Amino acid sequence: MTEQDTFPRRIWQIVAAIPYGKVTTYGDIARLAGSPRAARQVGGVLKRLPAGSKLPWHRVINRLGEISLTGADLDRQRQALLAEGVEVDHNGKIALERYRWQG
DNA sequence: AAACTGACTGTTA
DNA sequence: GTAACAGCCAGTT
């Protein structure tokens, strides 16, 4: 097996496992990936996703239950979440206790 | 190799 | 409720 075990690959695998209609946080993904202090790097991986990726990156939000993106990007993520039934207010705030995914 | 960057988080005030 | 700071650590220059 020539498969490498790189940080981005672990992140991609975890994000791919977030169920439809659920969300999780950067910190939780980092913890599941085995680098509990690498929440920032999780954001870095998602930011650099290959164009055309089918990963549900929009299901990842911050620990306060808010979308971390701004401007047009925030709006895109909000629309993607609304489209799968996640309630997001106009500021990008989500009821984390209600939609949180526990891997 | 070294410096810089940042889709984060916890603490402090 | 806000804002400022300091750790954090993998990717990019």
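Convention: sequence-line order gives letters A, B, ...; per-chain numbering from 1. Keep in mind the model is a prediction, meaning the values are calculated, not measured.
For the pair A/R31 CZ and C/dC9 P, the interatomic distance rounds to 16 Å; values are reported in whole Å. In this structure, A/L55 atom CG and B/dA7 atom P are separated by 18 Å, rounded to whole Å. Rounded to a whole Å, the CD1 atom of A/I29 is 17 Å from the P atom of C/dC9. The nearest whole Å value for the distance from the CZ atom in A/F7 to the P atom in C/dT12 is 12 Å. Between the CZ atom of A/R40 and the C1' atom of C/dT12 there is a distance of 14 Å, rounded to whole Å. When the C1' atom of B/dC8 is taken as reference, atom CG of A/L46 falls 12 Å away, rounded to whole Å. Per the geometry, CG belonging to A/L64 stands 13 Å off P belonging to B/dT11, to the nearest Å. Atom-to-atom, CG of A/D75 to P of B/dA7 comes out at 18 Å; the value is rounded to the nearest Å.
When each of A/Q79, A/K93, A/R78, A/E66 is checked for a side-chain contact (heavy atoms from CB on, under 4.5 Å) with A/V88, only A/R78 meets the rule.
With rounding to the nearest 0.5 Å, the separation of CG in A/D73 from CD in A/Q77 is 9.0 Å.
Between C/dG11 and A/R48, no contact under 4.0 Å exists linking OP1 or OP2 to a side-chain N or O. Phosphate contact (OP1/OP2 of C/dC9, side-chain N/O of A/S35, threshold under 4.0 Å): absent.
Candidate nucleotides C/dG11, B/dG10, C/dC8 were compared by shortest atom distance to the side chain of A/R37, and C/dC8 ranks first. Of all nucleotides listed (B/dC8, B/dG6, C/dG11), B/dG6 comes nearest to the side chain of A/K47.
Using N1 to N3 plus N6-O4 or O6-N4 for Watson-Crick, or N1-O2 and O6-N3 for G-U wobble, each under 3.5 Å, B/dA7 pairs with nothing.
Using a 4.5 Å heavy-atom threshold, the side chains of A/I29 and A/I11 count as touching. In this structure, the side chains of A/S35 and A/R37 stay at 4.5 Å or more apart for every pair of heavy atoms.
Of the residues near DNA chain B, A/Q41 and A/G27, the one whose nearest nucleotide (by heavy atom distance) lies more toward the 5' end is A/Q41.
A/Q41 and A/Y26 share no side-chain donor-acceptor pair at under 3.5 Å.
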